[in-house]
Student: 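Would you mind keeping the following structure in view while I ask a few things?
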Amino acid sequence: MWQDRLMYVVTIDQRGSRVAEDLVPGLLEALADIPCAAAFERTAGDEVQGLVTDPAAVRSALLVALRGGEWHCGVGAGEVDDDSYASGTRAGRGPAYLAARDAVEAAKGLSSSVAVRVPAGAGAGAGAGAGTESGAGTGTGATLAPRSRPGTDAAAWAADCEAVWGLTAPLILDRTEAQWRVVDAVDRSPTQAAAALELDITPASVNGALRLSRIREERAAYPALDRLLAGAHAAATGGAR
């Protein structure tokens, strides 16, 4: 029996783990508040995985990992055996798990470190070019070629989502610690003036840091990221919710 809700497998793999300290415990702590069908856990060595049912929660998990700057992130959208993950995500089975494995491997070759995949053959024409001239969703990242059949197959939706992540992720990865301090202060303060007072800087400095951080541009992309990921799942599963 297959799950009839939105279901995403998120697999996150540590960069250069053979020569770096184990960062998995800290990542798991940071991911603890993400709503999941099966919570994030270490699955093998330096890798963590969670089963998520909401595109916004997937986005939140990826944002946590990207902020750390030490992770490759893969998302698999598709069906999951709903009897398999009761004891944890490591026991999960189904096409979405296979897609997530392909995604995290593909992410290692992307500057954004984020890849989105659907099961092979999912949706109309998936895996056969997805309406692009050079073949979206084949492990080489999204192409810039126009789609002749937008929204008609799962691979095209996944490639479009990955492409938007390709533009969004660098905004996060390139943000400085000083800029993050301002972003965090503004997020927890009632006004930017209050954030400036907390940080003992001028309101103009807050405005300048926010502009350089590109946080507004990042957050403007969130609805598109969520919508495209939901579209990938719907196309991969025939519109199941």
Side-chain angles (χ1 to χ4, degrees), residues 8 10-17 20 23 26-27 30-31 34 40 46-48 50 52 55-77 100 102-118 130 132 134-147 155-187 205-232:
Y8 308 95
V10 180
T11 302
I12 305 173
D13 187 52
Q14 185 176 339
R15 298 181 183 182
S17 58
L23 300 177
L27 180 63
L31 292 169
I34 302 294
F40 283 91
D46 56 359
E47 183 180 278
V48 305
V52 185
V58 173
R59 167 173 47 82
S60 294
L62 297 183
L63 293 174
V64 166
L66 287 171
R67 177 163 178 170
E70 301 291 343
W71 306 93
H72 298 297
C73 308
V75 180
D102 290 342
V104 77
E105 291 302 318
K108 296 175 183 179
L110 299 175
S111 59
S112 66
S113 290
V114 177
V116 181
R117 294 291 182 271
V118 292
T132 68
S134 53
T138 59
T140 58
T143 70
L144 297 180
R147 305 189 189 286
W157 282 96
D160 286 347
C161 186
E162 183 177 299
V164 179
W165 272 112
L167 298 173
T168 306
L171 305 180
I172 304 159
L173 293 169
D174 293 343
R175 194 165 293 139
T176 67
E177 286 301 317
Q179 291 164 2
W180 272 119
R181 283 194 294 272
V182 172
V183 169
D184 290 341
V186 170
D187 282 346
S205 295
V206 169
N207 281 329
L210 290 176
R211 183 176 65 255
L212 292 172
S213 75
R214 308 288 299 277
I215 189 66
R216 295 186 179 98
E217 290 86 345
E218 174 199 321
R219 291 176 178 175
Y222 291 177
L225 291 168
D226 297 350
R227 184 166 58 251
L228 291 168
L229 188 57

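Just so it is clear, the model here is predicted, and its values are computed rather than measured.
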Student: Is the backbone N or O of T176 less than 3.5 Å from a side-chain atom of Q179, with the two atoms forming a donor-acceptor pair by type?
Tutor: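 Flag set: sc Q179 to bb T176 pair under 3.5 Å.
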Student: Could you check if a side-chain atom of V183 sits within less than 4.5 angstrom of a side-chain atom of L210, using non-hydrogen atoms only?
Tutor: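 Of all side-chain heavy-atom pairs linking L210 with V183, at least one is under 4.5 Å.
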Student: What is the distance from atom CG of L171 to atom OG of S112, rounded to the nearest 0.5 Å?
Tutor: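 Rounded to the nearest 0.5 Å, the CG-OG separation comes out at 11.5 Å.
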Student: Among side-chain atoms of S113 and R15, is any donor-acceptor pair under 3.5 angstrom?
Tutor: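 Side chains of S113 and R15: pair found under 3.5 Å.
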Student: I want to check something: taking the side chain as every heavy atom from C-beta on, are R117 and V104 in contact at a cut-off of under 4.5 Å?
Tutor: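 No, every pair of side-chain atoms sits at 4.5 Å or beyond.
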Student: Measure across A103 and A115 and return the closest heavy-atom pair with its distance rounded to 0.1 Å.
Tutor: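 What the structure gives for the nearest pair is O-CB, 3.1 Å.
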Student: I need the L27 CG to I12 CD1 distance, nearest 0.5 Å.
Tutor: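 Nearest 0.5 Å value for the CG-CD1 distance: 5.0 Å.
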Student: Testing the basics here: between A30 and V64, what is the closest heavy-atom pair and its distance to 0.1 Å?
Tutor: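 Shortest heavy-atom contact: CB-CG1, 3.6 Å.
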Student: Which atom pair, heavy atoms only, marks the closest approach of I172 to E218?
Tutor: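 For I172 versus E218, the nearest heavy atoms are CG1-OE1, 3.5 Å.
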Student: Are the side chains of D226 and R59 in touch, meaning some heavy atoms are under 4.5 Å apart?
Tutor: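 In contact.
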Student: Out of curiosity, L62 CG to W71 CH2, how far, rounded to the nearest 0.5 Å?
Tutor: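 Rounded to the nearest 0.5 Å, the CG-CH2 separation comes to 13.0 Å.
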Student: Please evaluate residues K108 and D13 with respect to the criterion salt bridge (Lys or Arg N to Asp or Glu O under 4.0 Å), reporting the C-alpha separation (whole Å), side-chain torsions for both, the decisive distance (0.1 Å), and the verdict.
Tutor: CA-CA 9 Å; K108 296 175 183 179; D13 187 52; 3.4 Å; yes
Student: Do the side chain of E162 and the main chain of V116 share a donor and acceptor less than 3.5 angstrom apart?
Tutor: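 Yes, the answer is positive, given that a donor and an acceptor are paired below the 3.5 Å cut-off.
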Student: For V164 and Y222, run side chain to side chain contact (heavy atoms under 4.5 Å, CB included): C-alpha distance rounded to whole Å, both residues' side-chain angles, the deciding distance at 0.1 Å, then the answer.
Tutor: CA-CA 9 Å; V164 179; Y222 291 177; over 6 Å; no
Student: Testing the basics here: between P170 and G166, what is the closest heavy-atom pair and its distance to 0.1 Å?
Tutor: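 Where P170 meets G166 most closely, the heavy atoms are CD-O, 3.1 Å.
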Student: Mind checking whether V10 and F40 have side chains closer than 4.5 Å, heavy atoms only?
Tutor: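 Touching, per the 4.5 Å side-chain cut-off.
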Student: With the threshold set at 4.0 Å, does a side-chain nitrogen-carboxylate oxygen contact exist between D184 and R67?
Tutor: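 Yes.
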Student: Closest approach of C73 and A65, non-hydrogen atoms and distance?
Tutor: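 Taking C73 first and A65 second, the nearest heavy atoms are SG-CB, 3.7 Å.
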Student: With rounding to the nearest 0.5 Å, note down the distance linking CD in E70 to CG in L173.
Tutor: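 CG of L173 is found 10.0 Å from CD of E70.
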Student: Quick check against the 3.5 Å criterion: does R175 have a side-chain atom that pairs as donor or acceptor with the backbone of S213?
Tutor: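 It does hold such a pair.
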Student: Starting at CD of E105, measure out to OG1 of T11 and round the result to the nearest 0.5 Å.
Tutor: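 Nearest 0.5 Å value for the CD-OG1 distance: 10.0 Å.
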Student: Is the backbone N or O of L23 less than 3.5 Å from a side-chain atom of Q14, with the two atoms forming a donor-acceptor pair by type?
Tutor: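 Judged by distance alone, yes, a pair lies under 3.5 Å.
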Student: List the atom of A57, the atom of I34, and the distance in Å for their closest heavy-atom pair.
Tutor: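 Looking at all heavy atoms of both residues, the closest pair is O-CG2, 3.7 Å.
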Student: Before giving the answer on side chain to side chain contact (heavy atoms under 4.5 Å, CB included), spell out for E217 and L167 the whole-Å C-alpha distance, their side-chain angles and the decisive distance to 0.1 Å.
Tutor: CA-CA 10 Å; E217 290 86 345; L167 298 173; over 6 Å; no
Student: Can you tell me how far apart OH (Y8) and CG (L229) are? Round to the nearest 0.5 Å.
Tutor: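 Separation between the atoms: 4.5 Å.
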